[in-house]
Each structure stands twice: as C-alpha cells, then as structure tokens.
Amino acid sequence: MAPPPDTTPMRPPFFLTTPIFYVNDVPHIGHAYTVIAADTLARYKRLAGYDVFFLTGTDEHGQKIEKAAEARGEAPNALAARLAERFKALWRELNISHDDFIRTTEARHHRAVDAMYRRLKEQGDVYLGEYEGLYCIPCESFWTELQLVDGNCPDCGRPVEKVTEPSYFFRMSHFGARLLEHIDRHPEFVSPPSRRNEVVQFVKGGLRDLSISRTGVRWGIPLPDHPGHVVYVWLDALVNYLTATGFPEPGFEGRWPAQVHIIGKDILRFHAVYWPSFLLSAGLSLPERIVSHGWWTIAGEKMSKSKGNVIDPARVAAHCGGADALRYFLLREVPFGRDGDFSVQALVGRYNTDLANDLGNLVSRAVAMVHRYRDGVVPAPPGGDDPGAAALRDPAGALYEAFEAAFDDLDRAGRGLQFDQALAAVWAVVSAANLYIHESAPWELAKARDDAALDRVLYNALEAIRIVSLYLYPFMPASAERVWEQLGVRVTPGETDLAAASHWGGLAPGTALSKPAPLFPRLDPAAVPADLADLAIQPPATETPVEKTPAEKTPGAPPEAPAEYVSIHDFKRVQLRVGTVTAAEPIKKADKLLKLQVDIGEGEARQIVAGLARKFAPEDLVGRQVVVVANLRPAKLMGVESQGMILAAGAEEVEALLAPAGPVAPGTTVR
Ligand code: MSP
C-alpha cells in the first residue's frame with residue numbers, strides 16, 4: 001500500500017545571518033546587539049511557522065588576526081579557536097538560538113571559497129594587476145588618497161600604510177549598472193532608506209576593480225593556482241553565507257539566497273556592493289535584504305580598550321537578572337538603524353519601569369489573584385462582556401499585524417526592522433491590562449461576591465498575559481517561558497501557528513496555574529555599578545570574578561578582595577581641586593545635564609557637563625564653590641565637551657554638592 005501523502009504544510013524557508021565576528025578581540029555589547037537582533041527575528045519567524053536557518057560565526061583570517069596573535073605571542077589558529085569559544089560561550093549566555101556557527105578556518109569554508117574564486121575566474125572577471133594602495137590594517141580596507149580623513153582611515157581614524165604588491169583583481173567595475181538596476185527594482189534590498197541612498201550614491205560614483213588577493217599576508221586561504229597569494233579577507237568572509245548552505249555541493253540552492261543579512265552600518269559597502277557583485281559574477285542569486293543597524297556608543301564615545309569602556313554584555317546581564325533585560329533594553333531603547341548611547345542609568349530605568357513595574361507587576365498580580373480567589377485555576381469566563389474588555393482585546397488583537405509590519409513589511413514600507421515598534425505594541429497591551437485590572441477592581445468584585453464578573457476579569461487578565469508572553473518570546477525567551485510555566489500553557493515555536501494562538505480565548509479554563517514567581521525583581525540603582533568601568537571587559541587574569549554575598553563572607557574575617565582597595569598612590573593620581581562656578585546653563589534635550597564654566601585657579605577655566613539639572617537651577621550654582629576632578633579624561637556628553645567632574649553626594653540622584661566648609665581660593669588642592 002502506498003504511504004499516505006505527506007500533508008504537513010510546507011514551511012517557507014527563512015535564512016538569516018549575522019556578520020561573522022573578528023577574533024582579534026573578545027565580544028562586546030556592539031557585537032551582542034547584532035546577534036540579539038538576529039536572534040529575535042529568528043525566534044519570531046520560527047513562531048510564525050517558518051523553516052528558519054539562523055547563521056552566525058567567526059571571521060578568523062587576515063592580517064588583523066595575524067597581528068593580534070603575534071602581539072599575544074600566540075599562533076593565529078590558537079587565538080582564533082580560543083576566541084571562537086568566547087563568542088560561543090557569550091551567545092549561550094545571551095540565549096542565542098543559532099542553527100549553525102561557522103568558522104572561516106573550517107574545511108567546508110575553504111572548499112566554498114575555492115569554488116567561488118574559480119567561478120569568478122571562469123567568468124573572466126579576475127585578472128593579475130599591481131596593487132598600490134593605502135591600507136588600514138585594523139579595518140582590512142584599502143583607501144584612496146581622497147577618501148582619507150586628515151590622512152587617516154576614514155572608518156577608524158588610525159594611520160594607513162602604503163602597500164604595493166602584485167594582486168589578482170576582480171572586475172567589480174562591470175557590475176555597477178546591474179547593481180543599480182537591482183536596487184531600483186528591489187527597493188527593499190537595502191534598508192533603512194538612508195543606507196540605501198548611501199549605497200546608490202557610492203555605486204553611482206563609479207566602482208573600481210577590487211584587489212582580491214594579498215601576498216603580504218600569510219594567514220588566509222591560499223588563492224587556487226597562485227602560490228604566494230591568499231584570498232582577500234572580505235571575499236573569504238562574505239562567502240561564509242554560502243558555505244553554510246552547503247555550497248558548492250548540489251542542493252545548496254535549497255537554502256540560498258539568504259532572506260536577510262543583518263549587519264552594522266560600518267560594513268554596509270562590503271555587503272551591499274562587493275557581495276552582490278561577486279554573486280552576480282558567479283551567477284548566483286542575491287540575498288533578498290540587507291538590513292543595517294546603527295552603532296552603540298558609551299557616554300557619547302566609541303568603545304575602545306584604551307578608554308576602558310568596552311562593555312561586557314555578560315557583566316551587564318549578570319547585574320540585571322539575566323540576558324533578557326539586556327536584550328529588551330538594546331532593542332527597545334533605540335530604533336534599529338539609528339545610533340544609540342548605552343548607559344547604566346537608562347538600562348536600570350527601563351528595567352524598573354517597563355519590566356518590573358509594568359510587566360512584572362501585571363503577571364504577579366493577576367496570578368496571585370487567581371490563587372487567592374480561584375484556588376489557582378483558570379476560571380471559565382461567563383458569556384457577555386464588561387465595559388473595559390474591548391480596550392484590552394483591541395490592542396491584543398492588533399499584535400499580529402503590528403509584528404508583521406515591524407518584521408515583514410520591508411517590501412511595502414522599506415523601513416527595515418522595527419524592533420522598538422513591535423515592543424511598543426506589546427507594551428500597549430501590558431498597559432491596557434494594568435488599567436483593566438485597576439478599573440475593574442477584582443478585589444471589590446470578590447468582596448461583593450460578584451462571581452461572574454470576577455471570573456470574567458480574571459480570565460481576561462490572564463488571557464492578555466498569555467498573548468503578551470507569546471509576542472514577548474522572540475525578545476525575552478527565558479521570561480516568556482517562565483510566564484508560560486506560570487500559566488500552565490505550552491507553546492512550541494516552529495509548530496505554533498501564531499495567528500491561531502493569537503485569538504482571544506486560547507487559554508483553557510480549568511488550567512492549573514503554578515505559584516507566582518517574581519519575574520523581574522526591582523533593581524536597586526545603588527547596587528548596579530554606576531561606573532561603566534565596572535561593566536567593562538576585564539583582562540583574562542581577573543576574568544569572571546565571583547562576588548561573594550555578605551552572607552557568604554566569614555564574620556570577623558579580615559577584609560577580602562584586596563583588589564578592591566586603591567593604594568594611596570592610586571588615590572593621589574586623582575587631582576581634586578576647589579573651583580568656583582562662573583556660569584551655568586541648561587543643555588538642549590538633556591533634562592538632567594547642565595553646562596558649567598568653572599574657575600579652577602591660575603586663570604584656568606573649565607567647561608564641565610554635570611548631571612545637576614534635576615536638583616539645581618543654573619542661576620543657583622553661579623558663585624558656588626565645588627570640588628572638581630581636574631585630571632579626568634575629557635569626554636563629550638550629549639555632544640558637549642566636558643573637561644572634568646564635580647563631586648556630589650547621592651547614589652542615584654544628586655542630593656548635595658561637595659564644597660569646602662569655608663571659602664578658599666579657586667584651585668586649592670583637595671586631599
Ligand atoms: N568580520 C567583519 C564582518 C564580516 S561579515 C562577512 C566584522 N566583524 S566585527 O567583529 O568587527 O563586527 C561585527 C558586527 O558587530 C558588525 O555588524 C558591527 O557593526 C557590529 N558592531 C561592532 N561594534 C559595534 C557597536 N559599537 N555598536 C553596534 N554594533 C557594532 O566587521
């Protein structure tokens with residue numbers, strides 16, 4: 001007898017990628033951002049029934065890695081292996097659900113690069129030339145004289161080196177017109193639109209042929225048939241997206257093309273110009289979309305080791321109860337595509353307001369009331385409606401479309417991915433549910449023994465929470481699973497039909513809830529390091545320090561962790577001086593900050609940006625004496641240069657300024 005026909009509906013494929021990460025250094029919050037965004041999209045697509053293939057990995061060849069290994073006295077492959085593990089470990093901590101992690105040193109990738117190069121060559125798009133260029137090693141990029149900024153690399157600002165060498169070239173200049181035509185016919189190809197324009201302008205400016213081999217680099221994939229040359233690291237790296245599909249083995253087209261490459265704005269040209277040109281030459285389809293996101297700065301500055309502000313996502317997560325709060329913050333705080341500034345205050349603020357107050361309280365109140373009034377069992381809602389229910393059901397019913405618009409509507413609106421909008425739609429339901437509970441006052445209904453009304457309110461509140469948790473899952477998978485556990489519901493991403501699961505009334509009456517467990521305990525702002533240095537990546541010797549809780553410390557034992565002490569020598573490195581404020585004014589769009597001019601003696605005036613606006617009016621400060629940290633590295637806050645810091649008392653908010661007890665001359669040392 002013939003087997004029954006397979007009636008499983010075909011799940012549409014969805015192949016999405018992150019960039020592959022350089023292994024010259026450990027992962028930081030910027031890397032985590034790209035991956036968290038991709039993970040959120042992958043989880044949403046699985047929930048919506050797609051056959052998702054989510055790829056990430058590490059970019060391990062090239063001069064940058066070679067030099068980093070040399071500086072550490074390590075072999076490049078050993079450095080690469082060690083750091084690839086670091087990335088994998090962090091991805092586990094951040095709950096990243098990739099299906100494949102590619103390393104460019106793997107044999108499968110070597111084969112794919114080999115095959116890709118042969119295709120380009122067979123098409124007649126490769127020729128031998130002489131390369132002379134200005135090369136930026138950290139960025140692995142050649143630049144023309146015109147592109148340099150103050151003689152330095154326009155991307156990273158570091159010096160470039162003049163390099164001349166025989167090199168194989170790819171005829172990228174042949175592909176400009178086809179690329180423009182493609183973008184014109186597929187406006188969704190690059191988003192957001194500002195980035196699309198950037199690409200169009202760049203291509204219109206005329207594409208030059210691209211050097212795709214290097215002789216000065218040893219750490220790379222040898223160029224087939226040309227000993228002494230290795231493949232240019234960007235050709236090597238971009239091919240990773242094909243390698244993971246099984247290319248060049250037959251059947252790779254089952255996965256290729258990718259539906260989305262998610263990338264940072266800094267690597268747009270490589271993805272939206274070089275990559276499609278290679279693919280066009282090789283006769284392969286182009287990725288459907290390239291979505292570019294903005295960059296995170298720290299207190300207005302680029303992250304850099306020398307500034308000690310390279311933020312470690314694992315340390316941030318550890319301070320706010322796990323990865324979910326960080327995932328939420330990064331995707332909620334800044335529209336994807338725009339740049340954002342990371343600050344602990346903003347993170348703690350969002351956590352306490354959105355997660356602890358709004359969402360956490362909603363779940364714990366509703367579950368607790370069902371335990372109190374209905375023995376922890378979901379009541380059956382009686383027929384009929386109550387006045388507030390529509391205001392709750394409407395935003396919940398709108399979530400399916402809101403998510404489609406945020407994640408799928410790239411063709412129609414071409415705006416790219418809108419994680420923040422999707423979250424705003426979820427929070428509209430959270431707020432509506434809190435309001436509904438507040439207005440229908442179940443505690444009063446219980447007192448009045450209005451059982452039918454109470455059943456209805458409790459059911460509606462739980463049902464709103466179920467729907468909220470469904471849509472929160474892509475963003476905060478661990479928290480959503482904890483809500484499902486409390487509600488006694490089972491959701492299987494990939495099998496759940498999101499549209500059906502979104503229908504109001506999906507929660508089965510009679511389901512037993514588990515005990516309420518706090519989802520997001522409030523963070524004490526004083527317990528979270530205000531100093532970003534405490535969240536920065538640490539050198540290996542002091543990695544992952546385990547803080548003992550006070551209970552674990554032996555009473556009466558000598559104080560531990562001498563690393564916490566500073567020596568008198570360290571303290572003396574901080575120059576504290578008395579200053580007199582001579583002028584003060586508010587800063588536009590920064591409601592906490594004031595711009596002060598401070599006389600710190602010997603005719604020296606300092607401009608200092610200080611977070612005092614909530615406590616003081618500018619005119620109250622003029623004439624006051626303050627204590628200034630005079631040798632703090634200058635920094636820009638909200639675009640305004642600050643040349644020092646003013647000492648104040650108060651953990652979260654400033655309570656009082658520190659000042660000498662009696663007037664002293666400006667510039668007097670404080671010790
Ligand atoms: N290896 C290349 C990509 C090759 S893809 C074929 C590379 N690696 S990277 O490690 O430097 O960067 C990886 C990703 O991290 C990029 O998308 C980059 O934009 C992102 N970020 C690095 N620092 C960042 C911030 N400060 N903020 C946001 N994202 C940033 O480029």
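Note that ligands are numbered from 1 as they come in the structure, with each ligand's atoms numbered from 1 the same way. No experiment lies behind these values; they were computed from the predicted model shown.
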Exercise. Which part of Tyr241 is near ligand 1, with near meaning a heavy atom under 4.0 Å away: side chain, backbone, both or neither?
Worked result: side chain
For this session: Classify the contact between Lys302 and ligand 1 as side chain, backbone, both or neither, using a heavy-atom distance cut-off of under 4.0 Å.
Result: neither
Exercise. What about Tyr44 and Phe475, are their ring centers closer than 6.0 Å?
Worked result: no
Considering only protein heavy atoms, which is closest to [atom], and at what distance to one decimal place?
| atom | value |
| --- | --- |
| atom 31 (O) of ligand 1 | Ile267 CG2, 3.5 Å |
| atom 14 (C) of ligand 1 | Phe21 CE2, 3.7 Å |
| atom 27 (N) of ligand 1 | Trp296 N, 2.9 Å |
| atom 3 (C) of ligand 1 | Ile20 O, 3.2 Å |

Problem set entry | Side-chain donor-acceptor contact under 3.5 Å, His229 with Ser167 |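 The answer is no; no qualifying pair exists.
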Counting only nitrogen or oxygen atoms and a 3.5 angstrom limit, does [X] reach ligand 1?
| X | value |
| --- | --- |
| Asn240 | no |
| Lys265 | no |
| Trp295 | yes |
| Leu238 | no |

Exercise. Can you check whether Leu472 reaches Leu423 side chain to side chain, under 4.5 Å on heavy atoms?
Worked result: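 They are in side-chain contact.
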Exercise. Would you say the side chain of Tyr117 lies within less than 4.5 Å of the side chain of Val126, judging by non-hydrogen atoms?
Worked result: yes
Side chain of [X], backbone of [Y]: donor and acceptor closer than 3.5 Å?
| X | Y | answer |
| --- | --- | --- |
| Arg255 | Thr245 | no |
| Asp420 | Val334 | no |
| Glu66 | Trp219 | yes |

Provide the number and element of each atom of ligand 1 under 4.0 Å from a heavy atom of [X].
| X | answer |
| --- | --- |
| Gly294 | 28 (C) |
| Asp59 | 1 (N), 2 (C), 4 (C) |
| His271 | 5 (S), 6 (C) |
| His293 | 28 (C), 29 (N) |

